[in-house]
Amino acid sequence: MNYEQLGHTCVVGLGWGDEGKGKIVDLLSEHFDVIVRYNGGANAGHTVCHTGRTYTFHALPSGILRPDRVSVIGPGVALDLPAALKEILALRDSGIPVDENLRISDRAHLVLPYHKLEDHLSEARLKSDRRIGTTARGIGPCYADKMNRTTAVRMADLYCPDHLREHIRSIVERKRAVFQALYPDDGNLDAEAITDEFLGFAEQLRPHVCDTAALLRDAAASGRRILYEGANGTLLDVDHGTYPFVTSSSASALGVHPGAGVPPRLVNTCIGVLKAYSTRVGQGPFPAELCNEIGDRIRAQGREFGTTTGRPRRCGWFDAVAARYAVDLNGATYLALMHLDTLTGLNEVGLCLTYEDANGHAASFPARAEQLYACRPQIEFLPGWDADLSAVRSRDELPANARNFLARLEELLDVPIGIISVGPQREQTIML
Ligand code: GDP
Ligand code: IMO
Ligand code: MG
């Protein structure tokens, strides 16, 4: 993988999130000028480890640790202002500047307190098998209001205080009526307090707010390179994921153009991030899931607990059917294969090659969650390896069985692996 030839690049998860996108974005941001979040909100939790510290970003792009790069929150993000401000202040406290290097789209939609409440109440009202298991960050209700149009608040609205106060009053009146009818709980919403709080955020963030789509076009025109940071993952994409057990945004590479506000020619390369096994947080079908001691062992070795909610992640074998579906959908140019180190010590390593449907027929990745629940995974086992991989820095140094596993993955997905990750740290990486 030659960095100079990558062009404008997006990094997207090929699974159900938490593939390790934060590490890859942090690593690649050295070679790019602008890093852009384009979808999702504080449901994301992107981990970056370096110089002995661990940073978790929910709202800010993972490039923010490099003060000489520009980090952008694009118009497609559901922006959680308290979360963003908390991260900005924490970075400043630890001596990392966040000034002109952070730009926030004036078109971004805002997550308001009633969105989080609605997320929680809506989940609580569902029967347990219908719940999505959301992160309760208000993402679904915020995007629903965006589509509804008349009940949305965008960043630019914060700079018209009189209009904002009246607008939030009318939204809150409507939300109260809906909450009382459905839940019943009016949530004690106080329109004046919400308005005052958000006007305060607006003042603190004023220097960062601009038309970021214009900024990206200008940057590209002057030869600067853009790195797009996907949040969530392709299998959580609202159009192409395991609907309805998905998030509410375009979480694949297909969301880059509307979410960042760039024309198609400003995305040249797609790096699909995948683990050497599968994980999922929240509800929904997961054909290759291991509800046994091997799943528990992968969870313990890979520290598979949610970055945003702390929930234990469900673990399973690598699913080549789902991964191939995601590779094809995104048009992935390269794979970044994460957590190879986590599989060390297993006698054999499984790969789900095909699904069998309820009638015993081979099934492609289906449209309906019920069909996916009914699919039985057909697993191929390859011999495992015992060596600690965390200090390995070249593909040739890997144990033969690990190399065979990687070669089989590339064969099944028909995409070259460009990066192999053998630990959370920046340097625990094999660049190919
Ligand atoms: P993201 O949401 O895609 O950015 O991923 P998360 O940060 O939520 O979860 C990935 C977790 O795995 C984080 O704790 C990372 O520090 C960690 N991690 C990333 N790559 C590797 C790896 O290759 N090996 C191990 N053991 N941990 C990794
Ligand atoms: P990153 O960017 C893992 C999952 C939730 C839930 C579903 C809907 O860190 O990879 P939402 O709160 O979006 O309405 O929840 O999507 N989910 C994620 N799972 N990583 C994420 O982000 C996720 N973002 C959403 O667990 O199942
Ligand atoms: Mg995460």
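One-based numbering, in listed order, for ligands and for the atoms of each. Keep in mind it's a predicted model, so treat the numbers as computed, not measured.
Of the protein's non-hydrogen atoms, His339 NE2, 3.7 Å is the one closest to atom 17 (C) of ligand 1. Atom 2 (O) of ligand 1 has as its closest protein heavy atom Gly45 O, 2.8 Å. In terms of protein heavy atoms, atom 14 (O) of ligand 1 is closest to Thr47 OG1, 3.9 Å.
Residues Val327 and Leu14 have side chains in contact (heavy-atom distance under 4.5 Å, counting atoms from C-beta outward). Contact check for Leu398 versus Ile430: side-chain heavy atoms found under the 4.5 Å cut-off.
Checked by atom type and distance alone, the side chain of Arg37 pairs as donor or acceptor with a backbone atom of Gly41 at under 3.5 Å. Side-chain atoms of Asp145 do not come within 3.5 Å of backbone N or O of Asn148 as any donor-acceptor pair. A donor-acceptor pair under 3.5 Å is formed between the side chain of Gln301 and the backbone N or O of Thr344. Between the side chain of Arg131 and the backbone N or O of Leu126, at least one donor-acceptor pair lies under 3.5 Å. Of the possible donor and acceptor atoms, none in the side chain of Glu289 sits under 3.5 Å from a partner among the backbone N and O of Cys315. Side chain of Asp319 to main chain of Val321: a donor-acceptor pair is present (N/O by atom type, distance under 3.5 Å, no hydrogens or angles).
Scored by the side-chain contact (heavy atoms from CB on, under 4.5 Å) test, Gln180 finds Asp186 as partners (sequence neighbours excluded).
Side-chain atoms of Asn330 and Thr234 form a donor-acceptor pair, as typed in the model, at a separation below 3.5 Å. Looking only at atom types and distance, the side chain of Asp18 has no donor-acceptor partner in the side chain of Thr279 under 3.5 Å away.
Under a 4.0 Å criterion applied to the non-hydrogen atoms of Gly22, ligand 1 contributes the atoms 4 (O). Contact atoms of ligand 1 toward Val422: 23 (O) (distance under 4.0 Å to a heavy atom of the residue). Near His46, with a cut-off below 4.0 Å to any heavy atom, the atoms of ligand 1 are 1 (P), 2 (O), 4 (O), 7 (O). Ligand-side atoms of ligand 1 in range of Arg313: 8 (O), 9 (O), range being under 4.0 angstrom from any heavy atom.
If you look at Thr342 next to ligand 1, the close heavy atoms, those under 4.0 Å, all belong to the side chain. At a 4.0 Å heavy-atom cut-off, ligand 1 touches Asp341 through the side chain alone. Here Gln425 has no heavy atoms under 4.0 Å from ligand 1, in either its backbone or its side chain.
Proximity annotation for atom 1 (P) of ligand 1: of Lys21, Gln301, His58, Lys21 comes nearest, heavy atoms only.
Considering backbone and side-chain atoms alike, Gly17 places every N or O at 3.5 Å or more from each N or O of ligand 1. Some N or O of Ser421 is nearer than 3.5 Å to an N or O of ligand 1, by distance alone. Taking any N or O of Asp18, backbone or side chain, at least one lies under 3.5 Å from an N or O belonging to ligand 1. Ligand 1 has an N or O atom lying under 3.5 Å from an N or O atom of Gly423, backbone or side chain.
Considering every non-hydrogen atom in both Leu65 and His50, the closest pair reads CD1-NE2, 3.7 Å.
Sorted by chain and number, the heavy-atom contacts of ligand 2 below 4.0 Å come from Trp16, Gly17, Asp18, Lys21, Asn43, Ala44, Gly45, His46, Ile132, Gly133, Thr134, Thr135, Ala231, Asn232, Leu236, Val246, Thr247, Val281, Gly282, Arg311.
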Check step by step if side-chain hydrogen bond (donor to acceptor under 3.5 Å, both in side chains) holds for His46 and Glu229. CA-CA 10 Å; His46 295 182; Glu229 174 177 4; 2.6 Å; yes

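Taking 4.0 Å as the cut-off, Met338 counts as a neighbour of ligand 1 on heavy-atom distance.
Aromatic ring orientation, Phe57 versus Tyr55: parallel (interplanar angle below 30°, classes split at 30° and 60°).
For the Mg ion (ligand 3), protein N, O or S atoms closer than 2.8 Å were enumerated as Asp18 OD1, Gly45 O, with waters left out.
Sequence neighbours left out, the pairs with a member in residues 274-295 that pass ring pair (Phe, Tyr, Trp, His ring centres under 6.0 Å) are Trp16-Phe286, Tyr277-His339.
We find that Arg395 and Glu410 are joined by a salt bridge, their nearest charged nitrogen and carboxylate oxygen being less than 4.0 Å apart.
A distance of 4.5 Å separates CG in Leu406 from CD1 in Ile417, rounded to the nearest 0.5 Å.
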